Amino acid sequence: MSQKVRKAVIPVAGAAIEFLPVTKGIPKGMMPIIDKPLLLYQVEEAVASGIEEVIIVVNKGREAIEKFFEREPMYENYLISKKLPNVASEIRKITTLAKYTFVYQSEQRGLGHAILQVKDAVGDEPFLIILGDDIIMNEGGDPASLQVIKAYEKLNAPIIGVQEVSENEVSKYGIIEPQKSQGRYIKVRSMVEKPVKDAPSRYAALGRYVITPDIFNLLKTTIPGLDGEIQLTDALRRQKNLVAYNFVGKRYDVGTRVGYLEAVIDIALHRDDMKDALKEYIKNKKIED
Ligand code: G1P
């Protein structure tokens, strides 16, 4: 029997250089998609997938993130006094969605290093990882996190959420070497971080993993790899029984400016309060080369 996945880790301590100068002033996770910070989309996905505790790995700008998830009764009262009780309760709800734990990553030594920092907060149980740069929408179906959790529960093996990317994109991701596949499940023989040539497949790890606690020992002995960073991929390569799950959903790479913009537009086009006006604007827009 597999153990229940109760905790999610969201590392948001990356430098976010692509979004300078704004990320000099605010942490990347607090950048808005319309009126909600990026990080809240991921927290909501975790909670909708049954997660009870969200562990956020923070660095610069941690105060803004911590404050966002903290209750502020005076502010709620102010909104109520302005006759906005619904807004007040929405703001309060964010603070109660899950138990929030913050872990500080003081050095930028890579994703594997960020995950190593949560060893004590996670303890001896399987956990979900959601990467802050990947927003995945699956309207009407299970969120991507729930899909990888269900795969974990079914197989009792660590799971990497993957999707196929185009040939010219494999060098941007952790790429699996499949051993054999059955439906959406792919047994993983090996894995390589951002291959520039001879990629073993086009299946890329896209920011959703269910990992077992033995990863911490593997990470401790993982030597710095690509870019001199401790790569999660390098530790996972040594993990036994690794399975990839080809999840369903549209994924946005909000680590890039265009990916971020695509997410903003698509999410707005799905919101009842905005879609008609935005469609009208797009329809009338003349695009000149
Ligand atoms: C990280 C991981 C990579 C994964 C990617 C998904 O890379 O190292 O294996 O495929 O996230 O977004 P990053 O984009 O942080 O360089």
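When a residue number appears, it is its place in the shown sequence, counting from 1. Treat the numbers as computed from the prediction; the structure is a model and nothing was measured. Each ligand, and each atom within it, is numbered from 1 in the order the structure gives.
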* Side chain or backbone of Arg208 under 4.0 Å from ligand 1, or both, or neither, by non-hydrogen atoms? -> neither

* Asked: Do any non-hydrogen protein atoms sit less than 4.0 Å from atom 15 (O) of ligand 1?
  -> no

* Verify atom 12 (O) of ligand 1: protein non-hydrogen atom under 4.0 angstrom away -> yes

* Step through it carefully: locate the ring centre of Tyr41, locate the ring centre of Tyr260, and say whether they are under 6.0 Å apart. => no

* Is ligand 1 under 4.0 Å from a heavy atom in the side chain of Leu232, in the backbone, in both, or in neither? -> neither

* Asked: Polar-atom distance check: Lys172 versus ligand 1, any N or O pair below 3.5 Å?
  -> no

* Do Thr96 and Arg71 meet the criterion of a side-chain donor-acceptor pair at a distance under 3.5 Å? -> no

* Of all the non-hydrogen atoms in the protein, which one sits nearest to atom 1 (C) of ligand 1, and at what distance? -> Leu131 CD1, 4.0 Å

* Asked: Is there a donor in the side chain of Glu229 and an acceptor in the side chain of His113, or the other way round, less than 3.5 Å apart?
  -> no

* **Gly174: numbered ligand 1 atoms lying under 4.0 Å from its heavy atoms** => 3 (C), 4 (C), 9 (O), 10 (O)

* Taking the six-membered ring of Phe247 as reference, does the NZ or CZ atom of Arg184 fall below 6.0 Å from its centre and within a 45° cone about the axis? -> no

* Thr233: numbered ligand 1 atoms lying under 4.0 Å from its heavy atoms -> 9 (O)

* Asked: Are Tyr185 and Tyr245 close enough that their ring centers fall under 6.0 Å?
  -> yes

* Any chance CG of Leu20 has more than 12 other-residue heavy atoms, nucleotides or ligands included, within less than 6.0 Å? -> yes

* Any chance the side chains of Glu53 and Thr101 put a donor and an acceptor closer than 3.5 Å? -> yes

* Quick one: does Ala205 get a heavy atom under 4.0 Å from ligand 1? -> yes

* **Any Met191 heavy atom less than 4.0 Å to ligand 1** => no

* To do: Indicate yes or no: does an N/O atom of Tyr173 lie under 3.5 Å from an N/O atom of ligand 1?
  => no

* Considering heavy atoms of the protein only, find what lies nearest to atom 7 (O) of ligand 1 and give residue, atom and distance to 0.1 Å. => Lys194 NZ, 3.4 Å

* To do: Give the atoms of ligand 1, by number and element, whose distance to some non-hydrogen atom of Asp134 is under 4.0 Å.
  => 6 (C), 12 (O)

* Structure fact -> Here the atoms of ligand 1 under 4.0 Å from any heavy atom belonging to Arg251 are 12 (O)

* Indicate whether any N or O donor in one side chain lies under 3.5 Å from an N or O acceptor in the other, for Gln239 and Asp214. => yes

* Asked: Considering residues at least two apart in sequence or located in another chain, which fulfil the ring-ring contact (aromatic ring centres under 6.0 Å, His included) criterion with Tyr209?
  -> none

* To do: Look at ligand 1 and say whether Asp133 reaches it with a heavy atom at a distance under 4.0 Å.
  => no

* Asked: Do any nitrogen or oxygen atoms of Gly207 come within less than 3.5 Å of a nitrogen or oxygen of ligand 1?
  -> no

* Structure fact -> Per salt bridge (charged side-chain N to carboxylate O under 4.0 Å, His left out), Asp134 is matched among Lys172, Arg251, Lys250 by Arg251

* To do: Would you check, one step at a time, whether the test salt bridge (Lys or Arg N to Asp or Glu O under 4.0 Å) holds for Arg237 with Asp234?
  => CA-CA 5 Å; Arg237 188 173 40 244; Asp234 293 339; 3.0 Å; yes

* Structure fact -> shortest atom 2 (C) of ligand 1-to-protein heavy-atom contact is with Glu193 OE2, 3.6 Å

